[in-house]
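What follows is a set of notes on a single structure, which appears directly below.
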Amino acid sequence: MKIWTSEHIFNHPWETVTKAAMQKYPNPMNPSVFGVDVLDRSVDQQGRLHSKRLLSTEWGLPSIVKSLIGNARTCTYVQEHSVVDPEEKTLELQSTNITFTNMVSVDERLIYRPHSEDPEKTVLTQEAIISVKGVSLSSYLEGLMASTISTNAGKGREAMEWVIRRLNAEIEELAITARGTIRTPMAAAVTEK
């Protein structure tokens with residue numbers, strides 16, 4: 001078993017980062033995630049949003065791993081459960097692979113919270129537990145997978161920034177459209193006088 005951890009600070013408020021996290025896929029930085037299906041979504045009595053999603057991914061497994069598992073097919077499915085708590089301002093995502101579970105398991109947990117000293121920033125703590133089963137090189141393979149997870153986490157942070165830029169551009173575009181719509185009737189009223 002290999003445990004990988006990371007912490008990152010986004011220079012955006014928690015609300016913005018949470019919206020981006022829920023719209024992260026698909027994105028050009030992580031083309032390996034090619035499908036996201038919402039299986040269930042509900043709000044509990046405490047006002048927390050629970051979502052269960054199925055992510056369709058193409059794992060970029062090293063060729064040595066592909067040869068050991070004896071399968072050229074690397075399409076995998078990941079089950080994700082997220083809880084958004086607007087009162088506590090936390091977003092917790094837990095995911096686990098549901099494909100190849102007899103050979104490998106990757107359990108990941110991400111928590112987004114406002115920065116304790118600056119509410120305009122958000123802290124992401126991330127942990128992955130990797131277990132390769134039934135192979136003599138399991139420790140080596142777990143290390144390879146941890147390295148891949150680390151690389152993908154960096155791409156994931158880039159993707160979050162990309163989504164945030166996209167959301168900000170949409171908001172700006174809507175604001176410009178709204179200002180134009182508001183000005184047009186007022187301009188017409190002025191010219192009618």
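Interatomic distance, CG of L141 versus NZ of K2, reported as 12.5 Å (0.5 Å rounding). Atoms CZ and CD, from R48 and E92 in turn, are 10.0 Å apart once rounded to the nearest 0.5 Å. Atom OG of S105 is separated from atom CG of N97 by 6.0 Å, given to the nearest 0.5 angstrom. L174 contributes atom CG, which lies 10.5 Å from atom CZ of R179 (distance to the nearest 0.5 angstrom).
Note: the hydrophobic cluster containing V83 does not contain I111 (ILVMFWY, side chain heavy atoms under 4.5 Å, direct or indirect links). Follow the hydrophobic side-chain contacts under 4.5 Å out from Y140 and you reach I130 in the same cluster. Residue I149 is grouped with residue L144 when hydrophobic side chains (ILVMFWY) are merged at heavy-atom distances under 4.5 angstrom, including chains of intermediate members. The hydrophobic cluster containing F34 does not contain I98, counting ILVMFWY residues as joined when their side-chain heavy atoms lie under 4.5 angstrom apart, directly or transitively. The cluster map of Ile, Leu, Val, Met, Phe, Trp and Tyr, joined by side-chain heavy atoms under 4.5 Å apart, puts L54 and V36 in different clusters.
Counted by atom type alone, T57 and S32 present zero donor-acceptor pairs between their side chains at under 3.5 Å. Q126 and E7 share no donor-acceptor pair across their side chains, judged by distance under 3.5 Å alone. Side-chain atoms of D107 and T96 form a donor-acceptor pair, as typed in the model, at a separation below 3.5 Å.
The hydrophobic cluster containing L49 also includes F10, W14, V17, M22, V43, V84, L91, L93, L110, Y112, L124, M160, I164, under a criterion of side-chain heavy atoms closer than 4.5 Å among ILVMFWY residues, counted directly or through chains of members. Other cluster members for I9: V123, joined by side-chain heavy-atom distances under 4.5 Å among Ile, Leu, Val, Met, Phe, Trp and Tyr.
The two atoms that bring F100 and C75 nearest to each other are CE1-O, 4.3 Å, heavy atoms only. For A159 against M29, the heavy-atom pair with the smallest separation is CA-SD, 3.8 Å.
Side chain of N27 to main chain of K24: a donor-acceptor pair is present (N/O by atom type, distance under 3.5 Å, no hydrogens or angles). A side-chain donor-acceptor contact under 3.5 Å links E142 to the backbone of V132. Side chain of S147 to backbone of G143: no donor-acceptor contact under 3.5 angstrom is found.
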Item checked: Residue pair Y25, N30: steps toward the side-chain contact (heavy atoms from CB on, under 4.5 Å) verdict -> CA-CA 8 Å; Y25 301 111; N30 299 103; 4.0 Å; yes
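Side-chain atoms of M145 and V106, non-hydrogen and from C-beta on, do get closer than 4.5 Å to each other. Side-chain atoms of T16 and L167, non-hydrogen and from C-beta on, never get closer than 4.5 Å to each other. Between V104 and S131, every side-chain heavy-atom pair lies at or beyond the 4.5 Å cut-off. Proximity of E120 to N11: side-chain heavy atoms (C-beta onward) are nowhere separated by under 4.5 Å. Between W162 and E158 there is no side-chain heavy-atom pair separated by less than 4.5 Å. Side chains of T101 and T99 form no contact here, defined as non-hydrogen atoms less than 4.5 Å apart. When side chains are defined from C-beta on, E80 does not count as touching K52, because their heavy atoms never get closer than 4.5 Å. Looking at heavy atoms from C-beta onward, P114 lies out of side-chain contact with P119 at the 4.5 angstrom threshold.
A salt bridge is absent between E15 and R113: the closest approach of a Lys/Arg side-chain nitrogen to an acidic carboxylate oxygen does not fall below 4.0 angstrom. A salt bridge is absent between E127 and R109; no separation between the charged side-chain nitrogens and carboxylate oxygens falls under 4.0 Å. In this structure, R157 does not pair ionically with E161, as no charged nitrogen and carboxylate oxygen lie closer than 4.0 Å.
Environment of CD in Q46: crowded, with over 12 heavy atoms of neighbouring residues, nucleotides or ligands closer than 6.0 Å.
Residues satisfying the side chain to side chain contact (heavy atoms under 4.5 Å, CB included) test with E87, not counting sequence neighbours, are D85.
Checking each of V38, V78, L39, D37 against R53 for a side-chain contact (heavy atoms from CB on, under 4.5 Å) leaves exactly one that passes, namely V38.
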